[in-house]
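Notes follow the structure.
Ligands are counted one by one from 1 in listed order, and the atoms in each one are counted from 1 as well. What you see is a predicted model, and the numbers here were worked out from it, not measured in a lab.
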Amino acid sequence: MTDLAHNPLGGLPDKRQVAASFSRAAQSYDSVAALQRNVGQQLLGQLPAAINPARWLDLGCGTGYFSRALGERFPISQGVAVDIAEGMLQHARPLGGAQQFIAGDAERLPLQSASCDLLFSSLALQWCADFSAVLSEAARVLRPGGVLAFSSLCVGTLQELRDSWQAVDGFVHVNRFRRFEDYQQLCGDSGLTLLSLQTTPETLYYPDVRSLTHELKALGAHNLNPGRPGGLTGRARMLALLNAYEQFRQPQGLPATYQVVYGVLRKG
Ligand SMILES: C[S@@+](CC[C@H](N)C(=O)[O-])C[C@H]1O[C@@H](n2cnc3c(N)ncnc32)[C@H](O)[C@@H]1O
């Protein structure tokens, strides 16, 4: 079984690996993205009621589900969808929603300064080790009065899986997440006005560990941490993992917690 998880912060992830992993997952992503749908909908619900962007950006658009939602919500606006994974863009492009689908990195946006009124990003920025670079890019591409609305993940995410692996060996199997306090600090220092920032846990339940790890793989959320163990996971270690995870079992199944962060900021 592959070792899987989310964003490392203990070492810089190789962005080519992140892109390749999500490109490979482009076909399977939508079938397992229930949490991602739910979180993106919550984020859409947090946009300021009066917002009417002439140009919006869906950053880390993935398969483009929320590019299409934004296209429907703002039918006369111009939409741009950006993702680091070419495979995701190839999947999203024919489905429309945005006028442009561009390969690019949230830490170095391929957009002109002061060219957008809304920057929407759902569950992509946990992959960026340098969140202050993301915020300064957002501040650069937004026009005065423009809004950044993001959802991301913080410490506590996949904690059950992390703790279970910890009981088995000392390797990094689940990537690190920023602390919520770091989101607070970085947003506070960004020069953007913070309209709201909160975190809320979402728990999914699985019949067994394999269902969870298969789902993470189908999402493209591999562990790309430099400290991950190489080679195959031995049968004995895998059995130890299954055993360790059992201590978390609840009547609904094995829980996997996602600690979701929602932030809304305005420029100027
Ligand atoms: C979990 S998916 C979310 C996709 C979509 N926003 C949704 O909610 O369904 C994360 C996406 O972020 C993209 N991504 C990761 N790092 C990125 C970066 N540095 N810049 C732009 N996109 C990135 C991935 O390629 C992937 O498509």
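Annotation: W127 places no N or O atom under 3.5 Å from an N or O atom of ligand 1; distance criterion only. No N or O atom of Q126 sits closer than 3.5 Å to an N or O atom of ligand 1.
Taking every heavy atom of G104 and a limit of under 4.0 angstrom, the matching atoms of ligand 1 come to 20 (N), 21 (C). Listed by number with element, the atoms of ligand 1 under 4.0 Å from a non-hydrogen atom of A85 are 25 (O). Listed by number with element, the atoms of ligand 1 under 4.0 angstrom from any heavy atom of A106 are 18 (C), 19 (N), 20 (N), 21 (C). Proximity to G62 (heavy-atom distance under 4.0 Å) selects the following atoms of ligand 1: 4 (C), 27 (O). Short contacts between ligand 1 and L123, defined as distances under 4.0 Å to a heavy atom of the residue, involve ligand atoms 1 (C), 2 (S), 3 (C), 10 (C). The atoms of ligand 1 that sit less than 4.0 Å from any heavy atom of D105 are 18 (C), 19 (N), 20 (N).
A donor-acceptor pair shorter than 3.5 Å can be found between the side chains of E215 and Y206. Residues T257 and E160 bring a donor and an acceptor atom of their side chains to less than 3.5 Å of each other. Of the N and O atoms on the side chains of T193 and R266, not one donor lies less than 3.5 Å from an acceptor on the other residue. For the residue pair Y262 and S196, no side-chain donor N or O sits within less than 3.5 Å of a side-chain acceptor on the partner.
Using a 4.0 Å cut-off between heavy atoms, A19 makes no contact with ligand 1 at all. Heavy atoms of Y65 found under 4.0 angstrom from ligand 1: none, in either backbone or side chain. If you look at C128 next to ligand 1, the close heavy atoms, those under 4.0 Å, all belong to the side chain.
Using 4.0 Å as the threshold, C61 has a heavy atom nearer than that to some atom of ligand 1. Contact annotation: E107 has no heavy atom less than 4.0 Å from any atom of ligand 1. Remark: distances from the non-hydrogen atoms of D83 to ligand 1 include one below 4.0 Å.
One finds a salt bridge joining R143 and D117 here, because a Lys/Arg side-chain nitrogen approaches an Asp/Glu carboxylate oxygen to under 4.0 Å.
For Q252, the CD atom sits in a packed shell: over 12 heavy atoms of surrounding residues, nucleotides or ligands are nearer than 6.0 Å. Within a 6.0 Å sphere centred on CD of Q112, other residues, nucleotides and ligands contribute 12 heavy atoms or fewer.
For the pair T157/R162, no side-chain contact is recorded, criterion being any heavy-atom separation below 4.5 Å from C-beta on.
Ranked by closest heavy atom to atom 6 (N) of ligand 1, the top entry among S23, G60, A26 is G60.
Remark: Y205 engages no residue in a ring-ring contact (aromatic ring centres under 6.0 Å, His included) (not counting sequence neighbours).
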